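To start, the structure under review is shown below, and the notes come after it.
It should be emphasised that the depicted structure is a prediction, and the values quoted were computed from it without experimental measurement. In what follows, chains carry the letters A, B, and so on, assigned in the order in which the sequence lines appear, proteins first and then strands, with residues in each chain numbered from 1.
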Amino acid sequence: MTPDAFIRTWSGNPLSERSSAQAHFIALCGLLGVEPPSPTTAGRFEFEKGAAKTTGGDGWADVWLKDAFAWEYKKAKADLDAAYAQVQRYAPALDNPPLLIVSDTQEIVIRTAFTGAVQERHDIAIEDLRGADARDLLRRAFQEPRSFRPRRTRADLTEDAAATFADLALRLRQAGHDAPVVAHFVNRLVFCMFAEDVRLLPEKMFEKMVFASDPGTFEENCRTLFAAMAHRGGRVGFTPIPWFNGGLFDDDAALPVDAGDIAMLRKAAKMDWSQIDASLLGTLFERGLDPGKRSQLGAHYTDAAKIMQIVEPVVLRPLKTEWDAARATIAAALEEERAASAEAATTRAAAKAGAATRRANRAHDRATRAHLGFLERLRGVRVLDPACGSGNFLNLTLTALKDLEHRANLDAEAMGLPRPAPSVGPECVVGIELSPYAAELARVSTWIAEIQWMRRNGFEASTDPILKPLGTIECRDAVLAGDGTPAEWPEAEFIVGNPPFLGNKRMIAELGEDYAKALRAAWPDVPGGVDLVAYWVASAWRAVEAGRTRRVGLVTTNSIRGGANRSVLAAPAEAGAIFEAWSDEPWTVAGAAVRVSMVMLASPGEATPESGAETPRLDGREVDRIAADLTAGLDLTGAFRLEENERVCFQGVKFVGRFDVTRELAADWLKAPKNPNGRPNSDVIRRYVTGNDLTKQRPAERWVIDFEADRTADEASFYEGPFERILSEVKRGRDTNSRKSRRENWWKHGELNRGMRSALGDLDRFIVTAEVSKHRAFLWLDHGMLITGSIYAIARDDDTTFGILHSRFHEAWSLRMGTFLGKGNDPRYTPSTTFETFPFPEGLTPDIPAANYAGDPRAQAIADAAADLNHKREAWLNPPDLVRRVPEVVEGYPDRLLPIDDTAAKELKKRTLTNLYNARPAWLAGLHARLDAAVAAAYGWPEDIAEDDALARLLELNRERSGQ
DNA sequence: CATCCGACACATC
DNA sequence: GATGTGTCGGATG
């Protein structure tokens with residue numbers, strides 16, 4: 001068929017009956033050269049999709065092509081909007097096709113419906129089909145529907161909109177208005193823009209007002225509009241204005257603006273606010289509006305995927321299970337109704353027929369009750385986000401609940417029950433938020449999410465009033481009440497959210513000492529050393545234990561798995577209540593250097609004999625049980641510190657002030673004449689190393705002034721150069737230090753490390769490892785070398801201990817027992833949990849002098865392998881042909897290792913321990929394999945023992961030795 | 001007094 | 001600006 005023929009046939013020939021719609025579609029397929037639906041395409045490409053739904057009337061769509069479009073015909077152009085609403089409503093039953101198409105044959109309107117993308121509309125008039133462009137466009141709808149995906153995402157749109165308004169807010173504040181007033185005003189403007197773009201405000205009223213205003217009239221015009229919105233029956237001129245409420249328009253306050261502000265508003269008013277992403281908008285605005293948060297642009301909103309990773313298992317999964325049960329009840333009841341009706345129709349005896357009819361009616365009632373009962377239950381659901389911010393979790397939860405209700409209604413309709421209007425609304429989501437800006441944004445964005453959902457699914461948003469007050473989003477502290485007790489949370493079946501992370505050591509600085517103290521006092525069961533987020537976990541668990549809450553899902557820092565933080569997960573883990581967890585997820589928001597865990601708790605009473613307990617899932621895999629450190633399988637959280645390992649591993653010194661000096665200055669002091677007390681400066685000048693020097697970079701030559709623990713200020717003052725330096729560089733800072741001993745002992749290092757200094761004593765060498773390091777490596781340092789707090793020293797000089805520590809067994813143990821830091825999630829060595837709990841092989845423990853086991857062949861084998869490893873590794877780090885040894889300017893200090901020339905320097909720069917272990921060349925692997933074998937033999941294990949097996953045996957040894 | 005941690009901090013590409 | 005990888009000192013027990 002030619003385009004001309006097609007147009008001749010159909011032009012001015014609107015549909016007379018349903019069958020001619022199919023004729024039109026088949027003819028169109030012919031024009032486009034695509035196959036029309038046929039019996040062979042059933043299940044993929046069909047006419048009258050969903051016609052089986054038994055309420056009569058239309059099917060879900062007149063034509064449906066899976067994963068491409070839903071297509072609805074209407075006889076008259078005027079009905080096309082109704083047709084669109086219909087395909088929107090049934091989209092979930094049609095697998096959410098990306099294109100929604102409506103037509104009256106004279107016109108074809110294609111609307112895109114891609115998740116997360118802005119919506120686009122393509123109108124094709126019948127005459128357009130003469131042109132190849134229109135035909136290509138339509139053909140693409142069949143063949144490449146994905147190509148319609150708009151480039152611009154709703155996130156892009158929202159960021160633009162939010163950026164414009166953040167600028168406006170900043171300008172208004174710079175003009176001298178208070179931040180809360182600005183926030184309230186700007187929120188109103190935002191809602192006006194949204195409202196007019198979804199036609200809740202008539203006739204582009206706000207945009208017209210902005211374009212008609214100048215700095216002299218804008219404020220007054222705003223007041224007029226706001227006042228009209230605040231009451232039922234309000235008007236602007238002759239135009240009636242719908243009633244907005246919700247606290248946002250409770251008065252007519254507006255702010256004066258200047259010409260620049262108006263230019264900005266005009267730009268913003270032209271954007272399509274109907275499609276902004278409500279959950280993002282809140283966060284982006286919060287940054288712009290809250291003066292305290294402007295500095296942390298790039299802050300932490302939880303992305304939608306992460307939120308659903310929590311909302312799905314915590315809220316939706318149990319509710320879907322309930323709906324499945326209700327649906328089964330409905331299906332059975334309706335089956336019974338059909339059987340009884342059939343019986344009534346075929347039974348002659350009036351009494352019997354009457355009984356059958358009554359049975360049919362009762363069965364129908366049962367089905368209806370199951371359906372409506374579920375809906376009522378859904379309306380009664382309360383989901384609490386006790387740190388809701390601007391409402392990301394609440395928005396997405398509300399949308400998901402509405403999706404579930406809609407899905408249930410479509411299911412019920414397909415089974416033959418009437419489909420009620422959606423009734424789940426914003427009152428189902430409950431929030432607590434400390435920041436007034438954020439709380440108001442949460443309320444506004446929740447309403448926007450509600451209205452958008454209704455529109456997207458083909459329903460009218462409720463009006464009169466358009467907004468209802470959302471007292472369910474409270475502005476207050478969620479963990480500490482005014483009377484110094486833990487804050488109470490509203491009753492909620494489900495709790496979700498992303499509470500604030502604030503490290504324990506930063507709480508006083510950020511929240512004030514009084515608050516931090518009061519918070520800790522309010523939670524006596526929570527140890528003082530926890531992150532702020534831990535109080536939300538503790539509070540949520542209290543709600544579960546009290547039977548007030550069924551399920552909880554929270555985002556926390558991944559530090560929740562270790563240290564003091566872990567204690568808040570101990571009780572839930574003990575009760576077997578952690579039903580799902582993601583132990584260590586990257587954080588997708590740029591700029592936030594953190595990794596997170598997601599922890600989901602279920603009331604232990606939730607498992608019923610019928611439903612059984614849900615199999616726990618850790619990191620997406622089914623496991624038997626999840627421990628407090630968010631691991632499954634072997635639970636190492638119960639390992640104890642071993643007495644035999646105590647007083648061996650020490651953290652290095654912390655200077656607290658500029659005690660370090662350049663090599664040049666140190667050399668000058670060392671070469672200087674003896675001091676008035678007859679002593680050389682070498683008494684108080686030392687070399688030191690930091691973690692970087694061990695692993696990441698070539699060791700720098702670092703020098704530090706060290707008056708040690710026992711020199712008085714008077715005694716120290718005789719070391720003239722160094723003492724003057726401390727006076728000028730350190731004292732001032734120390735005078736204001738919060739700790740008395742640091743103020744008073746300003747010439748001494750912040751920590752005196754008496755324990756370490758005495759343990760190292762006169763050992764010729766000692767073992768060190770970097771606190772945080774990608775690879776758990778151990779090295780030797782010479783006597784006299786000072787280490788900083790980013791290094792741990794092990795006060796042993798024997799190769800056997802070195803070898804045991806450097807074996808894969810101690811490495812595996814330290815990875816499980818230690819904690820992690822940062823985006824790269826590098827492991828951190830924590831002596832009390834990684835070293836002191838580690839059971840050395842019998843007879844080779846750190847409380848035994850090495851000399852005592854020198855004759856033990858097990859010790860000897862380890863020592864040989866360890867010495868060999870160290871020797872060859874040193875030779876790689878400092879090849880003799882690239883490095884020359886130069887004596888220090890005075891005696892008593894280690895030789896300097898200098899590159900022989902520039903080429904050597906360049907090569908040496910690459911020779912760092914981290915680079916070596918990143919590459920892990922064969923020779924190194926071989927040396928480690930030999931060492932591992934010797935250590936395995938010392939434990940009496942097979943050489944190729946699996947890591948899990950070895951860890952289990954280490955745990956067993958730990959239990960024996962600690963007497964547990 | 002000693003250990004632990006950082007909605008990190010900073011050097012480097 | 002993304003990437004890689006470990007500082008430093010306050011705060012708690």
Distance-only side-chain donor-acceptor flag, A:Arg776 / A:Thr769, under 3.5 Å:
yes
Of A:Asn692, A:Asp693, A:Asp660, A:Thr690, the residue whose pairing with A:Arg702 passes side-chain hydrogen bond (donor to acceptor under 3.5 Å, both in side chains):
A:Asp693
Taking atom C1' of B:dC8 as reference, at what distance in whole Å does atom NZ of A:Lys823 sit?
9 Å
Under 4.0 Å, counting only non-hydrogen atoms across every strand here, what does A:Leu752 touch: a base, just sugar-phosphate, or nothing?
nothing
Of A:Gln697 and A:Asn565, whose nearest nucleotide on DNA chain B comes first from the 5' end?
A:Asn565
Would you say B:dC5 has OP1 or OP2 under 4.0 Å from some side-chain N or O of A:Lys505?
no
How close or far is atom P of C:dG4 from atom CG of A:Leu821, stated in whole angstroms?
16 Å
Using a 4.0 Å heavy-atom cut-off, does A:Asp826 contact any base of the nucleic acid, only the sugar-phosphate backbone, or nothing at all?
base
Aromatic plane relationship, A:Tyr917 with A:His775 - under 30° parallel, 30 to 60° tilted, over 60° perpendicular
tilted
Determine the Euclidean distance between corresponding C1' atoms of B:dG6 and B:dC10; express it in Å to zero decimal places.
14 Å
Indicate, with a heavy-atom threshold strictly under 4.0 Å, whether A:Ser738 touches base, sugar-phosphate, or nothing.
sugar-phosphate
Output yes when at least one side-chain N/O atom of A:Thr788 is less than 4.0 Å from OP1 or OP2 of C:dT7, else no.
no
Exam field: side chain A:Asp385 to backbone A:Ile432, donor-acceptor pair closer than 3.5 Å
no
Report yes or no: does A:Arg734 contribute a side-chain atom to a donor-acceptor pair with the main-chain N or O of A:Lys748 at less than 3.5 Å?
yes
Quiz item: cation-pi between A:Arg911 and A:Trp876, 6.0 Å / 45°
yes
Look at all strands and tell whether A:Gly652 reaches a base, only sugar-phosphate, or nothing, counting heavy atoms closer than 4.0 Å.
nothing
Which word best sums up how the rings of A:Phe659 and A:Phe655 line up, parallel for under 30°, tilted for 30 to 60°, or perpendicular for over 60°?
tilted
Whole-angstrom distance between B:dC5 and B:dA9, as gauged at atom C1'
14 Å
Side chain of A:Gln651, base of C:dC8: donor and acceptor closer than 3.5 Å?
no
Would you mind reading off the distance between A:Lys306 atom NZ and B:dA7 atom P, rounded to a whole angstrom?
18 Å
Would you state whether a donor and an acceptor, one from the side chain of A:Lys654 and one from the base of B:dT3, lie under 3.5 Å apart?
yes
Under 3.5 Å, side chain of A:Thr158 to main-chain N/O of A:Asp277, donor-acceptor pair present?
yes
When the nearest nucleotide of DNA chain B is assigned to A:Glu751 and to A:Val772 on a heavy-atom basis, which residue is associated with the more 5' position?
A:Glu751
At 4.0 Å (heavy atoms only), tell me whether A:Gly822 reaches a base, stays on the sugar-phosphate, or touches nothing.
base
Does B:dA7 have OP1 or OP2 sitting under 4.0 Å from an N or O in the side chain of A:Thr557?
no
With a non-hydrogen cut-off below 4.0 angstrom, is A:Gly750 in contact with a base, only sugar-phosphate, or nothing?
nothing
Between A:Trp780 and A:Phe766 (judged by ring centroids, cut-off 6.0 Å), do the two rings come close enough to count as a pair?
no
N or O in side chain of A:Asn504 less than 4.0 angstrom from C:dT12 OP1/OP2
no
Of A:Lys774 and A:Arg742, the one whose nearest nucleotide on DNA chain C sits closer to the 5' end is A:Lys774
Indicate whether OP1 or OP2 belonging to C:dG6 is found under 4.0 Å from a side-chain N or O atom of A:Ser773.
yes
Taking A:Arg757 for the side chain and A:Leu752 for the main chain, is one N or O donor matched with an acceptor at less than 3.5 Å?
yes
Please convert DNA chain B into dot-bracket. A pair counts if it is Watson-Crick or G-U wobble with both distances under 3.5 Å; crossing pairs go in [ ] and bases paired with another strand get |.
||||||.||||||
C:dT12 C1' sits how many Å from A:Lys517 NZ, rounded?
12 Å
Send over the distance from A:Ile787 CD1 to C:dG6 C1', rounded to a whole Å.
15 Å
Could you check whether A:Pro499 gets within reach of a base, just the sugar-phosphate, or nothing at all, counting any heavy atom under 4.0 Å?
base
For the pair made of CG in A:Asn825 and C1' in C:dG4, what is the distance, rounded to whole Å?
13 Å
Which is more 5' along DNA chain C, the nucleotide nearest A:Ile791 or the one nearest A:Ala509? Just name the residue.
A:Ile791
Quote, to the nearest angstrom, the C1' distance that separates C:dG13 from B:dA7.
26 Å
Look only at the side chain of A:Asn958 and the backbone of A:Thr837, and say whether a donor-acceptor pair between them is shorter than 3.5 Å.
yes
Could you identify which residues of residues 905-921 of chain A place a heavy atom less than 4.0 Å from some atom of DNA chain C, listed by residue number, or say none?
A:Thr914, A:Asn918
Examine B:dT3: is either OP1 or OP2 under 4.0 Å from a nitrogen or oxygen in the side chain of A:Thr830? Give yes or no.
no
Grab the CG-P distance between A:Leu519 and C:dA11 for me, whole Å please.
15 Å
So, is A:Arg506 close to the C:dG9 phosphate, meaning a side-chain N or O under 4.0 Å from OP1 or OP2?
no
Rounded to whole Å, how long is the line connecting atom CG of A:Leu502 with atom C1' of B:dC5?
12 Å
Would you mind classifying the nucleic acid contact of A:Asp531 as base, sugar-phosphate or nothing, using non-hydrogen atoms under 4.0 angstrom?
nothing
Before accepting this row, confirm whether a basic side-chain N of the pair A:Lys654/A:Glu771 lies closer than 4.0 Å to the acidic partner's carboxylate O.
no
